[in-house]
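Beneath this line is the structure, given in structure tokens, with notes to follow.
In what follows, every chain begins at residue 1, and chains take the letters A, B, ... in the order their sequences are listed.
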There are 2 protein chains.
Amino acid sequence: MSAPVRLLLADDEHLIRGALAALLALEEDLVVVAEAATGPEALAMARAHRPDVAVLDLQMPGADGVKVATALRSELPECRVLVVTSHGQPGHLKRALAAGVRGFVPKTVSARRLAEIIRTVHAGNRYVDPELAADAISAGDSPLTAREAEVLDLASDGAPVTEIAERAGLSPGTVRNYLSSAVSKLGAENRHTAARTARERGWV
Amino acid sequence: MSAPVRLLLADDEHLIRGALAALLALEEDLVVVAEAATGPEALAMARAHRPDVAVLDLQMPGADGVKVATALRSELPECRVLVVTSHGQPGHLKRALAAGVRGFVPKTVSARRLAEIIRTVHAGNRYVDPELAADAISAGDSPLTAREAEVLDLASDGAPVTEIAERAGLSPGTVRNYLSSAVSKLGAENRHTAARTARERGWV
DNA sequence: TCCCGCCCCTGACATTTGTCATACGAGCCG
DNA sequence: CGGCTCGTATGACAAATGTCAGGGGCGGGA
């Protein structure tokens with residue numbers, strides 16, 4: 001038998017992380033060499049322990065899984081990254097893939113299945129949960145231009161147009177135009193629903 | 001030694017649920033007698049197995065932990081309920097306590113700690129995570145009247161006033177009045193931010 | 001080269017909001 | 001009973017927003 005796969009586990013929920021570590025430890029060919037509760041901690045641990053596969057939660061304080069993956073890609077290219085997510089939005093999938101993530105799975109999979117996927121990823125293959133992939137494909141590509149997306153993003157926390165304009169360095173009229181076209185492209189009722197659907201689809 | 005504590009575990013994330021079951025099984029006085037992935041399933045399992053303590057995730061498809069807790073309270077009053085949450089909002093805490101939940105903890109606790117808390121709850125005591133409790137206390141009581149809260153809730157998905165008025169069976173002018181007073185009470189910029197802060201504080 | 005799409009802006013308009021004053025009935029407390 | 005708050009409603013006005021119709025400038029592809 002070859003050397004075991006060395007894992008880094010990063011999740012902010014202690015309960016989950018510990019439980020996961022325990023379950024994965026049952027697999028003979030897997031060994032958890034490091035754990036982290038935050039994005040920066042995950043990076044530090046990765047540098048220190050150089051795992052074969054990093055299993056990252058998407059939502060972590062400090063820096064999310066995708067950010068960590070991006071950093072890892074340049075610092076430790078030989079370390080494969082597998083992202084695990086609670087309630088997966090397709091938008092994150094796209095971002096994750098762009099960041100060089102090799103696997104993307106929801107937490108609804110079983111531990112046994114996760115172990116298999118870890119092996120798959122370690123072998124150099126990719127794995128994306130079929131359901132999440134379908135969602136991402138059905139969401140399609142963003143019809144929004146860069147500016148429209150930016151403005152919509154700034155609008156998503158309910159700020160008034162003047163503030164958006166200021167933050168984007170645009171004239172208020174321009175902002176309204178972008179918002180208007182974004183809303184019509186998304187078939188939304190108003191900018192708030194537009195912002196939400198754009199976020200759901202991963203277009204912002 | 002007395003009989004072991006019989007547990008129901010409900011969480012939609014298979015990974016977590018399985019891992020949790022495995023960890024809790026390590027404790028000699030705890031035994032997981034049922035697992036569920038959705039709210040309704042949790043209820044059915046509880047009816048069938050009559051556990052001593054139900055450990056419920058706050059977020060589940062079908063019916064959330066609080067809804068399940070409410071149902072359990074009337075159907076199986078002798079079953080203690082412990083709610084576990086990923087990223088706890090104080091609002092849910094208040095709702096949960098009102099529903100007769102005996103314990104409320106974030107998933108950042110360790111498995112060992114969780115086991116202790118399960119024992120505490122089983123003994124008839126209450127346990128609320130200190131940090132979450134502090135948040136809830138600092139959030140205070142809702143300054144909103146029932147109608148204001150209702151209207152704000154309907155407004156939270158970005159619907160226009162006319163639609164809110166229709167859905168609430170009110171005149172549009174009245175809706176605007178309520179919205180206006182709610183916004184000023186919450187010190188918000190507009191109804192959207194007001195709706196969000198109200199939701200964060202658990203006032204809707 | 002010319003055209004087209006995107007970016008940025010302006011101005012004008014209709015509609016939707018937020019805000020205020022005011023009103024009336026119901027229920028509650030002193 | 002007399003005030004009080006709450007729910008409900010109007011009407012009016014100001015401000016914000018959504019929608020159109022333009023018009024430059026710039027870069028990339030036919």
Residue set satisfying side chain to side chain contact (heavy atoms under 4.5 Å, CB included) with B:T108, at least two apart, ordered chain then number -> B:P106
side-chain hydrogen bond (donor to acceptor under 3.5 Å, both in side chains) filter on A:D52, not counting sequence neighbours, yields none
Across all chains, not counting sequence neighbours, the side chain to side chain contact (heavy atoms under 4.5 Å, CB included) partners of A:A71 are A:L43
Ranking C:dC7, D:dT19, C:dC8 by distance to the side chain of A:R147, first place goes to C:dC8
Whole-Å distance, A:H192 NE2 to C:dT16 C1', equals 11 Å
With sequence neighbours left out, the residues meeting side chain to side chain contact (heavy atoms under 4.5 Å, CB included) with B:R196 are A:D157, B:T193, B:E200
To the nearest angstrom, the CG-P distance between B:N190 and C:dG18 comes to 7 Å
note: A:E189, atom CD; C:dT16, atom C1'; distance rounded to Å ~ 13 Å
In whole angstroms, the gap separating P of D:dG7 from CG of B:L179 amounts to 14 Å
Note: contacts of residues 152-176 of chain B with DNA chain D (heavy atom, under 4.0 Å) are B:L170, B:S171, B:G173, B:T174, B:R176
Query - No-H, no-angle donor-acceptor pair, A:N177 side chain to D:dC20 base, under 3.5 Å - result: yes
Rounded to whole Å, CZ of A:R191 lies from P of C:dT16 at a distance of 15 Å
What one should report as the nearest heavy-atom pair of A:L72 and A:A46 is CD1-CB, 3.7 Å
Using a cut-off of less than 4.0 Å, is there contact between a side-chain N or O of A:S180 and OP1 or OP2 of D:dT19? yes
_Quick check on D:dT19: is either OP1 or OP2 less than 4.0 Å from any side-chain nitrogen or oxygen of A:S184?_
no
Residues passing the side-chain hydrogen bond (donor to acceptor under 3.5 Å, both in side chains) test with A:D153, sequence neighbours excluded, are A:R199
Ranking D:dG7, D:dG18, C:dC8 by distance to the side chain of A:Y178, first place goes to C:dC8
